[in-house]
Structures are given as structure tokens and as C-alpha cells.
Amino acid sequence: MSRFSAPRGTQDILPSATPRWQFIESKIRETCRLYGFNEIRTPTFEETELFIKHTGESTDIVNKEMYTFTSRGGQSLTLRPEGTPGTVRAYLEHNLGANLPVAKLYYLSRIFRYERPQAGRYREHNQFGVEMIGSAEPLADAEVISLAWQLFKSLGLTDIELKLNSLGGPEDRPAYRQALREYAEPILEELCPTCKERYDKNPLRMLDCKVPTCRELLANAPGPVDFLCAVCKEHFETLQKYLDSLGINYTVDPRLVRGLDYYTRTVFEFQTPHLGAQNTICGGGRYDNMIEEMGGPPTPALGFGIGLERLLLTLEGHDIELPGVPKPQVFVAALGTAAKEVTVKLLAELREAGVATETDYTGRSLKAQMKLADKYDAKIVLIIGEDEVSQGVVTLRDMLSKEQRQIPIKQVLSTVKDLL
RNA sequence: GCGGGUGUAGCUCAGUUGGUUAGAGCGUCAGGUUGUGGCCCUGAAGGCCGUGAGUUCAAGUCUCAUCACUCGCCCCA
């Protein structure tokens, strides 16, 4: 064993597991194709400032979880701790809003956060995210939520719960914030230290507190829904109507606020009952101000992120059948120098014809090679020894029926293709 | 950042009150026919007992530290 090991909170995804990853990735790509979302790939790191400004200065992500380093040129760079700011940056940099009225983007990328690792929480994780930029219509919200729902459904997950809330727009926020502060002021001394801090910096997050006493004290606090302006209210109601007609179950959770600063109006989370503390499998919402704040024209947008490790853990907890490593269809067992010369060519011919073919590379006995073929679960074994070489034939064994016959080497390909 | 649990072969785990060469099952490799798989039998390889220090005549076993994993808090995907 090497004296090195993977850094804390990172993991090797081994060949035995990659087929499962490819499986969910292919489901993701297919779902995105159906919904008309196209893939975007942005850099692994960005200017640190991008996240500070747009993920938000009051977030934990920015305050204590970023992998920040200085480049040789003296620039401060950060491994992306979430996908949205980089995607929006690319959208603006390349003027992706110019061609079509709405940009529908998706990404599969690695995300980095310096956190304490736990089941379903890593320092490097894979995330599937979607961003829909350019529509303020509730239809856009419905489409984005529907996409996530459809993905879960196509993977066989039916017990995922959707939680929904509306935080209101920039017009409603000050009044609500004020009301919340007014409510909290008399009980401020009884709240936990973090909530006291939130009172000043970001009062909304007080609703999110898990401390029992805070929960109790804030139980009757006004929710953002109570302060929605007419437009926001209608937006939220229309979205719910759409979700109803889509048959998507949801619960409105007036305390759902999420930990990123940029959200406006719709926020949502999909939760699974099977992951313990890390039960949020998908989180997202609207961020109607970010694009303008980044220097673009006022442009409404929304999106979500899905943690693939969590998604996979959920699937594995459901006994959903997941693919294993691919199997060769044919195994070629060669004995002796002359046979190997024939084999090299035969292997290439079979593969060129689209037949997955395996062989032995360690000069084992025929018995050992048969065992290997069995382990690979090959349907057909082609045996080539001195006798076969001198007669210009190969021995073809059907591993299931155990039937065995000799066929001319020229006919191998057609015979094999018939049998598969 | 805080609190609890765990750490012995590739994998899953045993290792008695500290006491000689650290065990099992699975897996791997070889043999049981001269060119033939699954079952069975035999044998072999494979272990800085996570790492470092300490206590002791003696440490896988006790103490401390450290690292990693894991569960909860926090946060989030």
C-alpha cells in the first residue's frame, strides 16, 4: 500500500462504481435533452471576488468553506463552491442571451467546500445543476422543478419530498425584514448567538435555525409569504397551480429560506427520507437580481443543484438495480506462440466488428483461462491451440450450453455474430 | 468549528485477565488429466494490528497524541 491516501473528504470512484455514475449521468443528459437544456462547462476555479459578491458575503460558504489560493500572478482564485455564479458569469461574458429569449443551461461539475466530511457530505462533490435565464414567468419555475422531478422519477425515486416557499421580490423584502426584526427584538436575548448575528446580517435565516428554543420562539414569527406583493403572490400561486396540474406533490414550508444570499421569490428543496442529516438532495430557487448585479441587463433567472453523491446514496438505499461493470461477449483462450499470433489479429477483428472481446495476458493454462472466461461471464470462448492453428480452425465453446465445435477461422466472425 | 463511535490480510470480521511464530471466511494464485469454466478437495501467497510516542520484563490488547472513516450539531448538494 502506498503511504499516500486521498485527501480528506475526497474519494476515488473506482471502476466497480463508475457504471453507476455513468448510469445517472446518462439519465441526466436524457432528461435535459427532453427539456431542452444544453450543457455548459465552465472553469473549475474563478476569481474569488465572483463568489464573495454573488454567492454572498453573509453565507457560510463564503465565510468558511472556500478553497482560495493565490495564483503565481498574484490573483486570488477560488475552486468553485457552487455552480451558479460561474455559469452566470459565462452567460454574460459570451452574451448567451443574444440568440434566444431564454438560455437553458445545465452542468455536471465538481464542487469544492471545506467542510467536515460526513455521510453524503464531502469536500469535493459532483453536482448536476440547471440554470434557466431570461424568464420571470411561473412557467419557468414549473419547468425547472418538473425537470428535477422527472429525473427522480426516471431513476425510480418516488418518495422524494418537495418543499416550496416564496421569499418575495426586492420590493417586499425590506418590509418583511423589518417586520421580522420587530417580532424578534423583544426576544432577542433568548435567541442563540448565531440568531443574534443573523438578526443584524440576514434576519431571514433566523427562520432556518435548528435550535429548539429558537424554533419555539420564532414559531409565530411572520413568514415571507405574508408579505408578498400582489405580483409575487400571484407568481407563487400560479406556480402552485402548475405543480398541481403536473401531479407533483409539494408542501409549502414558510420557514424554508436556504443559505445563499441571492434567492428571490421561489425557493425549493427536494428531500429524501433516507439520508439522515444530509437529506437535501436538490436545492434551488430564483435569483432575479444576480445578472444585473453582475453588470448585465436586468434578467430574471432560476436554477437548482443536485448532489450526485447523495443521489447515488439514495438510489443504493432503494434497492434500485444499478448497472455493474460491462462484460465481454467473447473470450479468446490461446495456447502457445503460434496461437497467440492468430489471437492478436482475431481480437482486433472481433472488436472492429463491434464484439467486446477479452483474453488472457499472463500465459495461463487453458484451465485457468477457462476460469477467467467464466469470471468475466463471457458467452462464448474461442480456443486456439497448436491443433487449431495447423488446421486453420478455432474451437468455439458456448459457455451456457457447453456445446463445442470447430469452425474455420474465416467463419469465426459470422458465427459469433449469429450466436450473440 | 463542537461532541460521540470506530481503525487487525484485497473484502467482512475473530483475537480470552497485556504473555511465544496474529487467526477465520470470502477473494487471489497453483495443483487435483495429457488442451476445457461454475461444485468439491489440497496447498500457497498475502499483515509497519491506521501512525507516533509512553507505561511494562513483555503491547494488536493499557495511556496520550495524531491521522482517517463514521454518526450527531452546524451548514448544505
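Lettering of chains follows the sequences in order, A, B, ..., and the numbering in each one begins at 1. All heavy atoms count here, side chains included; hydrogens, waters and symmetry mates do not. Because the structure is a prediction, the values reported are computed rather than measured.
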*Asks:* Counting only heavy atoms and a strict 4.0 angstrom limit, can you tell me which residues of residues 387-420 of chain A come near RNA chain B?
*Replies:* A/D387, A/E388, A/R397, A/M399, A/K402, A/Q404
*Asks:* Show me the pairs that pass ring pair (Phe, Tyr, Trp, His ring centres under 6.0 Å) and involve residues 372-392 of chain A, at least two apart or across chains.
*Replies:* none
*Asks:* Using a cut-off of strictly less than 4.0 Å between a heavy atom of the residue and any atom of RNA chain B, enumerate the qualifying residues of residues 49-68 of chain A by number.
*Replies:* A/D60, A/E65
*Asks:* Which parts of residues 364-372 of chain A get close to RNA chain B, meaning a heavy atom less than 4.0 angstrom away?
*Replies:* A/R364, A/L366, A/K367, A/M370, A/K371
*Asks:* Using a 3.5 Å cut-off on both pairing distances, which stems of three or more Watson-Crick or G-U pairs include RNA chain B?
*Replies:* B:1-7 with B:67-73, B:10-13 with B:23-26, B:28-32 with B:40-44, B:50-54 with B:62-66
*Asks:* Check side-chain hydrogen bond (donor to acceptor under 3.5 Å, both in side chains) between A/D261 and all other residues, then give those that pass, not counting sequence neighbours.
*Replies:* A/S58, A/N202
*Asks:* Please give me every residue in residues 105-131 of chain A whose heavy atoms get under 4.0 Å of an atom in RNA chain B, ordered by residue number.
*Replies:* A/R113, A/E115, A/R116, A/Q118, A/A119, A/G120, A/R121, A/Y122, A/H125, A/Q127
*Asks:* Can you establish whether the number of heavy atoms outside A/Y114 located under 6.0 Å from its atom OH is more than 12?
*Replies:* no
*Asks:* Residues two or more places apart in sequence or in another chain: which of them pass salt bridge (charged side-chain N to carboxylate O under 4.0 Å, His left out) with A/E388?
*Replies:* none
*Asks:* Looking at every strand, decide which applies to A/G9 at a 4.0 Å heavy-atom threshold: base, sugar-phosphate, or nothing.
*Replies:* sugar-phosphate
*Asks:* Is the A/Y176 ring parallel, tilted or perpendicular to the A/F227 ring (thresholds 30°, 60°)?
*Replies:* tilted
*Asks:* Expressed as a whole number of angstroms, how long is the span from A/E386:CD to B/U34:P?
*Replies:* 15 Å
*Asks:* With A/E93, which residues qualify under salt bridge (charged side-chain N to carboxylate O under 4.0 Å, His left out), at least two apart?
*Replies:* A/R89
*Asks:* Which side-chain N or O atoms in residues 184-199 of chain A pair as donor and acceptor under 3.5 Å with protein atoms at least two apart or in another chain?
*Replies:*
none

*Asks:* Pairs under 3.5 angstrom only: tabulate donor-acceptor contacts from the side chains of residues 24-33 of chain A to other protein residues two or more places apart or in another chain.
*Replies:*
from  : atom 1 : to     : atom 2 : distance (Å)
A/S26 : OG     : A/Q22  : O      : 3.4
A/S26 : OG     : A/F23  : O      : 2.8
A/R29 : NH1    : A/E39  : OE1    : 2.8
A/R29 : NH1    : A/Y106 : OH     : 3.1
A/E30 : OE1    : A/R33  : NE     : 3.1
A/E30 : OE2    : A/R33  : NH2    : 3.1
A/T31 : OG1    : A/K27  : O      : 2.7

*Asks:* Below 3.5 Å between N/O atoms, which protein atoms pair up with nucleotides 44-46 of chain B? Just atom names and distances, please.
*Replies:*
none

